[in-house]
*Asks:* 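My structure is below; once you've seen it, I'll send some questions.
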Amino acid sequence: MTDFVIQPAPQASVAVAGSQARFPIRRVFCVGRNYAAHAREMGKDPDREPPFFFTKPADAVVAAEGLVPYPPLTENLHHEIELVVAIGKAGANVKPEQALDLVWGYGVGVDLTRRDLQDVAKKMSRPWDWSKSFDASGPCGPLQPASAIGHPAKGAIWLKVNGETRQQGDLTELIWPVADVIAYISEAMTLQPGDLIFTGTPAGVGALNPGDAVTAGVEGVGEIAFTIGKR
Ligand code: MN
């Protein structure tokens, strides 16, 4: 047994649908823009850029249920509904044709974003971490194993706030489908079991306020519901 000088952190993990067992989280990769209409609403041309990535800490992923805290340092907390991919096997330089072999399962997540801090970071060419990687910035529902649901390539992806539709898209609108996203990441670093990938959000991102009820889902994967906590 290794002797640590302080207590090691508990293993970050996410629930698995229909099971007491949990999925251990290693790293969290996020695609920057992956739906054309969202790229346009953020002022970018979706046809010109290869995918780019940022990360969240493993323990930023929390259960997408109950209360999710309103983070500090923002006046403009945004929701981004995303299909989440859970990697179960290691792979480097994976071809898109083999990429789905690495996938253990799928979930429904929200890439919470302090948009005001992100706007400043973009303007000043600074990193995005403070806008994307705060505590509880990645609420995620229970994962569904690919062995049970397959590999969803089409179907609605949506998010409502207080019952009002804010985001509504379809997985067919992904600029870079899941297999391509896995291939791209695996060119840059070896994907490892436990890695999660937030695959990008459709158009309609907007502000969340304390007390807002968020419901969201991905057809064929699941639905989530949580409330934003007090400031
Ligand atoms: Mn996102």
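Both counts, for ligands and for their atoms, begin at 1 and track the order of listing. Position 1 is the first residue of the sequence, and the numbers go up from there. Atoms considered below: every heavy atom in the structure, side chains included; atoms not considered: hydrogens, waters and symmetry mates.
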*Asks:* Is it the case that the side chain of Ser19 and the backbone of Ala21 share a donor-acceptor pair, with hydrogens and angles ignored and the cut-off at 3.5 Å?
*Replies:*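 Yes, Ser19 side chain to Ala21 backbone: donor-acceptor pair under 3.5 Å.
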*Asks:* Any idea which N/O/S atom from Glu80 gets closest to the Mn ion (ligand 1)?
*Replies:*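 That would be atom OE1.
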*Asks:* Is it true that the side chains of Ser13 and Arg22 contain a donor and an acceptor less than 3.5 Å apart?
*Replies:*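 Yes.
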*Asks:* For N/O/S atoms only: which one belongs to Asp111 and is nearest the Mn ion (ligand 1)?
*Replies:*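 This turns out to be OD2.
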*Asks:* So Trp128 and Phe54, would you call those rings parallel, tilted or perpendicular, with 30° and 60° as cut-offs?
*Replies:* tilted
*Asks:* Is it the case that the side chains of Lys132 and Thr113 hold a donor-acceptor pair, with the cut-off being a distance below 3.5 Å and no angle test?
*Replies:*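 Result is yes, a qualifying pair exists.
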*Asks:* Give the name of the N/O/S atom in Glu82 that lies closest to the Mn ion (ligand 1).
*Replies:*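 In Glu82, the N, O or S atom with the shortest distance to the Mn ion (ligand 1) is OE2.
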